[in-house]
Amino acid sequence: EFLKGKYDNIGAKLGFLVCYDIPGIAYQNAGLSLDLLLQEDYKVHQEYYSFEKGNNMPNTPFFFRRTRNLYSYCRANNKLLIQCKNPRPGDVIFYGKYHISLIIEVHKDGTYNEIETAPWTIFAVEYKNKIWKPMNVGRIL
């Protein structure tokens with residue numbers, strides 16, 4: 001459990017992937033830094049972010065690897081689609097405010113492929129042909 005990031009995010013501190021890293025890496029490879037996006041957005045929409053007694057600000061460790069901050073960004077910028085009916089590749093699925101995955105493909109039959117990492121997966125895992133049920137997504141682009 002300690003290496004999986006459950007306790008004080010030790011896994012992330014040791015360099016293991018956390019769920020946020022999957023879309024972070026994908027968007028970085030596409031030329032968009034989610035880190036910079038959050039940093040700039042925080043200057044404009046601080047009221048959307050949870051300060052957590054000063055422990056959740058751009059100058060604190062792991063600010064840019066916290067799902068709740070990407071959720072706040074999406075909410076503040078009208079990029080949060082509540083109970084989205086039509087997912088697109090690149091959408092980030094929010095499983096609450098603390099876990100996300102990335103949609104990498106949507107099929108004509110209504111199924112989709114997603115990639116995630118989590119304490120229960122340890123490594124990045126791709127799930128294929130999942131049946132879409134309306135969920136909250138962040139549509140960054």
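Each residue takes its place number in the sequence, starting with 1.
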* Taking atom CG of Asn86 as the centre, does the number of heavy atoms from other residues, nucleotides or ligands within less than 6.0 Å exceed 12? ->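 Open: at most 12 neighbouring heavy atoms sit under 6.0 Å from CG of Asn86.
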* Just wondering, more than 12 heavy atoms not from Lys79 lying within 6.0 Å of its NZ? -> yes
Nearest 0.5 Å, please: how far is [atom2] in [Y] from [atom1] in [X]?
X	Y	atom1	atom2	result
Tyr20	Arg66	OH	CZ	11.5 Å
Ile22	Thr117	CD1	OG1	5.5 Å
Ile100	Asp21	CD1	CG	9.0 Å
His99	Glu116	NE2	CD	3.5 Å
His107	Lys130	NE2	NZ	12.0 Å

If we only count heavy atoms from C-beta on, is the [X] to [Y] side-chain gap below 4.5 Å?
X	Y	answer
Gln39	Ser33	no
Arg65	Val18	yes
Lys133	Gln83	no
Leu80	Tyr73	no
Ser101	Glu114	yes
Leu34	Ile140	yes

Main-chain N/O of [Y] paired to [X] side chain as donor or acceptor, under 3.5 Å:
X	Y	value
Asp91	Arg88	yes
Asn113	Asn129	yes
Asn69	Phe63	yes
Thr60	Asn55	yes
Asp109	Thr111	yes

* Asked: Should side-chain heavy atoms under 4.5 Å link Ile, Leu, Val, Met, Phe, Trp and Tyr, which residues sit in the same cluster as Trp132?
  -> Leu81, Ile93, Tyr95, Ile103, Val106, Tyr112, Met135, Val137
* Check against side-chain contact (heavy atoms from CB on, under 4.5 Å), Leu141 and Tyr27 -> CA-CA 10 Å; Leu141 298 175; Tyr27 277 100; 3.7 Å; yes
* Asked: Of all residues at least two apart in sequence or in a different chain, which pass the salt bridge (charged side-chain N to carboxylate O under 4.0 Å, His left out) check with Asp41?
  -> none
